[in-house]
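Report on the following structure.
Values reported hereafter were calculated over all heavy atoms of this structure, with side chains retained and with hydrogens, waters and symmetry mates removed. Counting from 1, the numbers follow the sequence of the chain as shown.
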Amino acid sequence: QVQLEESGGGLVQAGGSLRLSCAASGRTFSSAVMAWFRRAPGKEREFVAFIFWSGDRTYYADSVKGRFTLSRDSAENMIYLQMNSLKPEDTVVYYCAADTRYRYGSTWFDEYDSWGQGTQVTVSS
């Protein structure tokens with residue numbers, strides 16, 4: 001239903017910034033809830049932020065609130081995660097996800113039905 005592809009991960013110094021991108025395609029993405037999750041090795045996926053494609057409503061996890069900003073570009077069918085004031089604890093794989101079924105806005109990874117392949121973020125101290 002929705003195909004997702006992340007990009008923009010890489011290596012950055014603590015306190016620096018990075019912007020992740022997620023390209024979305026498919027006939028139903030415009031009515032989806034789009035989200036970013038992250039996962040450390042051996043851990044469950046952790047919620048970062050979500051955005052309603054229609055209306056631009058956003059919600060952030062406490063761990064990133066005030067540092068990360070989620071946005072979308074409807075003309076380019078993209079969502080972005082602007083990450084500022086990065087910390088070594090942010091060193092994980094980040095995933096783009098879409099909820100095309102419930103679409104009420106969820107922080108639980110198992111309620112999202114489409115996933116990108118992930119992009120690695122490494123923050124050095």
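In this structure, CE on Met83 lies 11.0 Å from OG1 on Thr69, to the nearest 0.5 angstrom. From Glu44, atom CD reaches atom CG of Asp110 across 9.0 Å, with rounding to the nearest 0.5 Å. If you take CE on Met34 and OG on Ser71, they are separated by 12.0 Å, rounding to the nearest 0.5 Å. Rounded to the nearest 0.5 angstrom, Trp108 CH2 and Tyr102 OH are separated by 14.0 Å. The OG atom of Ser114 sits 9.0 Å away from the CG atom of Asp99 when rounded to the nearest 0.5 Å. Note that OG1 of Thr122 is 11.5 Å distant from CD of Gln13, once rounded to the nearest 0.5 Å.
Annotation for Phe109: atom CZ counts as buried by contact number, over 12 foreign heavy atoms lying within 6.0 Å. In the displayed structure, Lys43 atom NZ is contacted under 6.0 Å by at most 12 heavy atoms of other residues, nucleotides or ligands.
Under a hydrophobic-cluster definition in which Ile, Leu, Val, Met, Phe, Trp and Tyr are linked whenever side-chain heavy atoms come within less than 4.5 Å, directly or via other members, Leu86 and Tyr60 are assigned to the same cluster. Clustering ILVMFWY residues whenever any of their side-chain heavy atoms sit less than 4.5 angstrom apart, transitively, puts Leu4 in the very cluster that holds Ile79. Cluster membership for Ile51 and Trp53, using ILVMFWY side-chain heavy atoms within less than 4.5 angstrom, is shared. Linking ILVMFWY side-chain heavy atoms closer than 4.5 Å, directly or via other members, places Phe68 and Tyr95 in two distinct hydrophobic clusters. Follow the hydrophobic side-chain contacts under 4.5 Å out from Val33 and you never reach Val2; the two are in separate clusters.
Under a 3.5 Å cut-off, the side chain of Thr91 and the backbone N or O of Val123 do form a donor-acceptor pair. Of the possible donor and acceptor atoms, one in the side chain of Glu6 sits under 3.5 Å from a partner among the backbone N and O of Gly118. Between the Arg19 side chain and the Tyr80 main chain, no donor and acceptor come within less than 3.5 Å of each other. Put simply, the side chain of Arg57 never gets that close to the backbone of Phe52: no donor and acceptor are under 3.5 Å apart.
Among pairs with a residue in residues 54-114, those fulfilling disulfide (SG to SG under 2.5 Å) read Cys22-Cys96, at least two apart in sequence or across chains.
A side-chain contact (heavy atoms from CB on, under 4.5 Å) with Val121 is found for exactly one of Val92, Leu20, Val93, namely Leu20.
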Does the pair Ser63 and Glu89 meet the rule for a side chain to side chain contact (heavy atoms under 4.5 Å, CB included), with working shown? CA-CA 10 Å; Ser63 60; Glu89 305 91 270; over 6 Å; no
Mind running salt bridge (Lys or Arg N to Asp or Glu O under 4.0 Å) on Asp62 and Lys65 for me, showing each step along the way? CA-CA 5 Å; Asp62 288 342; Lys65 193 175 300 181; 3.2 Å; yes
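The two residues Met78 and Ser21 have their closest heavy-atom pair at CE-CB, 3.5 Å. Contact between Ser17 and Ser85 at its shortest, heavy atoms only, is OG-N, 4.4 Å.
The aromatic rings of Tyr112 and Phe37 sit perpendicular to each other, their planes meeting at more than 60°, with 30° as the lower class boundary.
Annotation: Tyr59 is in aromatic contact with Phe50 [ring centroid separation under 6.0 Å].
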